2 protein chains.
Amino acid sequence: MSLDCLQTPCLLLDKQKLLNNINRLNKQLTRFNVTSRPHLKTLKSVDAARYMLGDLSAPCTVSTLQEARQFAQAGCKDITYAVGISEHKLPEILDLQNQGVTLHIIMDSFEQAQFVHAFCRENDCQLSCLIEIDCDGKRAGIKPDDPQLIAIAKILQSAGLFSGILTHAGGAYDCRSLDEIRAMAQQEQAAVRDAASKLQRHQISCDVISVGSTPTALLGEGFDQVTEVRAGVYASMDLVMADLGVCQPEDIALSVLTRVIGHNKEKNWLILDAGWMALSRDLGLAPQQNGYGRVCDETGDVLPGLYVNSANQEHGIVALPEGLDLSHFTIGTLLRILPNHACATAAQHAGYQVISDDEMDYWPRFGGW
Amino acid sequence: MSLDCLQTPCLLLDKQKLLNNINRLNKQLTRFNVTSRPHLKTLKSVDAARYMLGDLSAPCTVSTLQEARQFAQAGCKDITYAVGISEHKLPEILDLQNQGVTLHIIMDSFEQAQFVHAFCRENDCQLSCLIEIDCDGKRAGIKPDDPQLIAIAKILQSAGLFSGILTHAGGAYDCRSLDEIRAMAQQEQAAVRDAASKLQRHQISCDVISVGSTPTALLGEGFDQVTEVRAGVYASMDLVMADLGVCQPEDIALSVLTRVIGHNKEKNWLILDAGWMALSRDLGLAPQQNGYGRVCDETGDVLPGLYVNSANQEHGIVALPEGLDLSHFTIGTLLRILPNHACATAAQHAGYQVISDDEMDYWPRFGGW
């Protein structure tokens with residue numbers, strides 16, 4: 001299939017690679033008999049969500065109210081909004097719930113539990129609340145042994161608002177080997193089991209025990225007591241995942257199609273029409289490792305040693321290694337750039353040119369809050 | 001004016017600061033009697049362009065065909081598309097020209113001049129072509145003493161397609177003092193004067209001699225022979241410009257409104273609902289200098305020593321300095337984050353909440369190619 005009809009830069013999604021990646025996680029979670037609650041924040045596409053969820057009414061995760069609204073409208077019924085709640089967002093959440101969606105919210109402070117409790121009393125409603133557990137010291141959440149855990153759960157439980165606990169092993173991105181990721185998966189699970197058992201000692205039981213990150217979802221084992229696993233970037237994959245060893249570069253379903261628009265003969269540089277506006281400013285795990293992305297030919301085969309070394313808003317620069325001649329890349333040549341971070345690169349585009357062996361399709365995506 | 005009615009995160013644009021910044025450049029260019037051709041790539045907003053251009057039919061600059069289309073539709077008639085041309089974009093450019101827009105295109109190789117020449121012959125049309133001059137070795141363009149300069153100009157001139165030359169002092173972003181920026185402005189002007197005089201020796205005269213970058217536009221002197229100056233980020237300014245010394249942080253018209261959604265008590269961290277999705281991944285000039293942006297209170301006053309130290313997709317983390325207590329920033333507190341790079345931060349949003357003393361307005365913006 002020729003991509004020559006496409007205006008550049010644009011975002012390509014390889015459908016077969018997407019399906020293979022989705023299938024890989026599904027197999028893994030089926031093996032451990034744990035529910036998948038895919039995070040839809042990466043692709044933000046109803047078309048992609050159909051493949052990730054199988055049935056749109058299946059459990060899913062979002063990171064913005066905009067995602068909650070869009071996916072609810074498409075048929076999602078069981079949505080976790082996995083960012084700490086603020087009081088100002090509660091009216092919109094109730095609104096969505098009144099449309100027939102169960103929208104689980106998360107919190108990690110007594111203050112949040114108090115205002116949710118007060119809001120539910122004032123509005124004569126119930127919201128499903130999860131307490132965020134900190135399993136790695138990377139961001140939000142409270143440690144399993146923080147006495148606040150019991151205090152928060154109690155105020156929620158007293159009003160019938162408590163559903164369970166949730167954690168996210170963002171620390172998996174700092175791991176430097178598959179064994180470290182496996183250990184992080186165990187640490188993640190241990191943190192929620194620890195929190196659940198502390199709550200149990202106070203006669204508070206968790207219906208939901210939620211863990212997840214793509215590395216720990218794919219490499220985790222056991223999942224005892226865990227009720228669900230959240231992963232997002234697994235569907236497209238990216239260079240961060242490849243650099244962690246979680247996938248191979250060939251598994252990456254997402255790329256930016258670009259054309260050579262110039263040569264700097266003195267420096268042996270290609271100038272591309274994909275700058276950071278198309279690629280994002282994300283430099284991935286080790287800023288010098290892949291530059292703004294690895295370069296593939298038009299068919300998607302990685303060109304060894306070629307990276308987008310620097311980027312302006314609408315210009316990408318590829319410094320050719322010695323011995324490789326600019327004449328191999330005449331002006332107009334199509335190339336594909338693999339993204340460092342799929343969430344960030346996809347966010348720069350309004351949709352996906354979906355490619356498969358025999359057809360081309362377009363899937364819109366959305367942004368905003 | 002209270003910002004409490006706004007859903008967070010969202011993008012604020014302070015109208016008075018915007019007007020002050022626009023006025024500052026206009027005064028500078030009037031002083032040197034040189035035309036302003038503002039770059040509209042930063043704000044990508046027709047409403048903002050009205051203030052930047054005064055009259056929408058005035059000269060402007062764009063970085064994508066999408067900008068060219070949108071601003072042409074709004075009434076722009078004299079547009080420079082300041083990214084090296086590829087053959088595949090020519091039909092769209094002709095289409096715009098047929099709608100009554102003069103769309104200047106740029107190139108830096110004989111190959112490009114050849115295909116533009118062939119396209120114009122085949123389509124019995126004329127396009128206005130500028131040759132891009134490299135004044136700082138940072139990106140694209142050819143050096144003034146490159147013999148290709150004459151060859152390219154000749155093939156264009158033979159078909160009546162040659163309009164002049166253009167350069168961009170991207171190297172100004174590497175300057176470490178105002179004197180270095182002033183010297184870069186002289187270097188930028190010298191490069192085009194040198195190229196123009198070499199062309200003149202071959203009886204090729206330049207109607208257009210175009211230079212520009214916000215630092216060199218604001219700090220340049222003389223502008224002899226220069227016919228126009230392109231600057232873009234000058235209208236909003238950002239922390240990169242403040243760090244270069246081109247403006248003060250108080251001049252920055254753009255900020256991201258965010259709410260505190262959590263506290264990490266153990267680490268004395270605020271968790272914000274603005275992560276890199278709202279702030280962009282751009283770390284500015286010196287990655288550790290401002291983190292993902294400097295923190296202001298709700299009114300826009302800079303809070304000394306407070307930065308968004310790290311960011312996830314929808315979470316920003318502010319590490320409070322010792323002695324500053326989390327209780328000063330209760331959950332729900334509104335804060336504003338100044339952007340490292342206005343072009344990158346604005347690109348993450350669909351529009352601006354425009355604030356002034358007595359009113360609030362909304363200006364949509366667009367993206368895409």
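Chain letters run A, B, ... following the sequence lines, proteins first, then strands; residues in each count from 1. Quick caveat, the model's predicted, so the values are computed rather than measured.
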Count the heavy-atom pairs under 4.5 Å between each of B/Cys343, B/Gly170, B/Ser280 and chain A, then report the option with the highest count.
-> B/Cys343
Among the options B/Thr8, B/Ile271, B/Val83, pick out the one with the most heavy-atom pairs lying under 4.5 Å from chain A.
-> B/Val83
Of the backbone (N, CA, C, O) and the side chain (C-beta and beyond), which part of [X] lies under 4.5 Å from a heavy atom of chain A, both, or neither?
X        : result
B/Thr64  : side chain
B/Glu87  : neither
B/Ala344 : both

Find the distance between [atom1] ([X]) and [atom2] ([Y]) and round it off to the nearest 0.5 Å.
X        : Y        : atom1 : atom2 : answer
B/Tyr81  : A/Glu314 : OH    : CD    : 7.5 Å
A/Arg259 : B/Ser86  : CZ    : OG    : 6.0 Å
B/Trp369 : A/Leu6   : CH2   : CG    : 13.5 Å
B/Ile331 : A/Ser109 : CD1   : OG    : 3.5 Å

Choice from [options] maximising heavy atom contacts with chain B below 4.5 Å:
options                               : value
A/Asp4, A/Asp134, A/Asp108            : A/Asp4
A/Lys267, A/Lys41, A/Glu132, A/His263 : A/Lys41
A/Gly262, A/Ala278, A/Cys10           : A/Ala278
A/Gln348, A/Glu111, A/Glu92, A/Lys138 : A/Glu111

Ion pair present between B/Asp273 and A/Lys89, side-chain N to carboxylate O less than 4.0 angstrom?
-> yes
Any donor-acceptor N/O pair, [X] side chain to [Y] backbone, under 3.5 Å:
X        : Y        : result
B/Asn264 : A/Arg139 : yes
A/Gln112 : B/Ile261 : yes
B/Glu266 : A/Ile142 : no

Closest non-hydrogen atom pair, A/His88 against B/Gly332 = CE1-O, 3.9 Å
For the residue pair B/Gln313 and A/Ser63, what are the closest heavy atoms and their distance?
-> NE2-OG, 4.3 Å
Sort A/His315 into side chain, backbone, both or neither according to what part of it lies under 4.5 angstrom from a heavy atom of chain B.
-> side chain
Which atoms of A/Met107 approach chain B - backbone, side chain, both or neither, heavy atom under 4.5 Å | neither
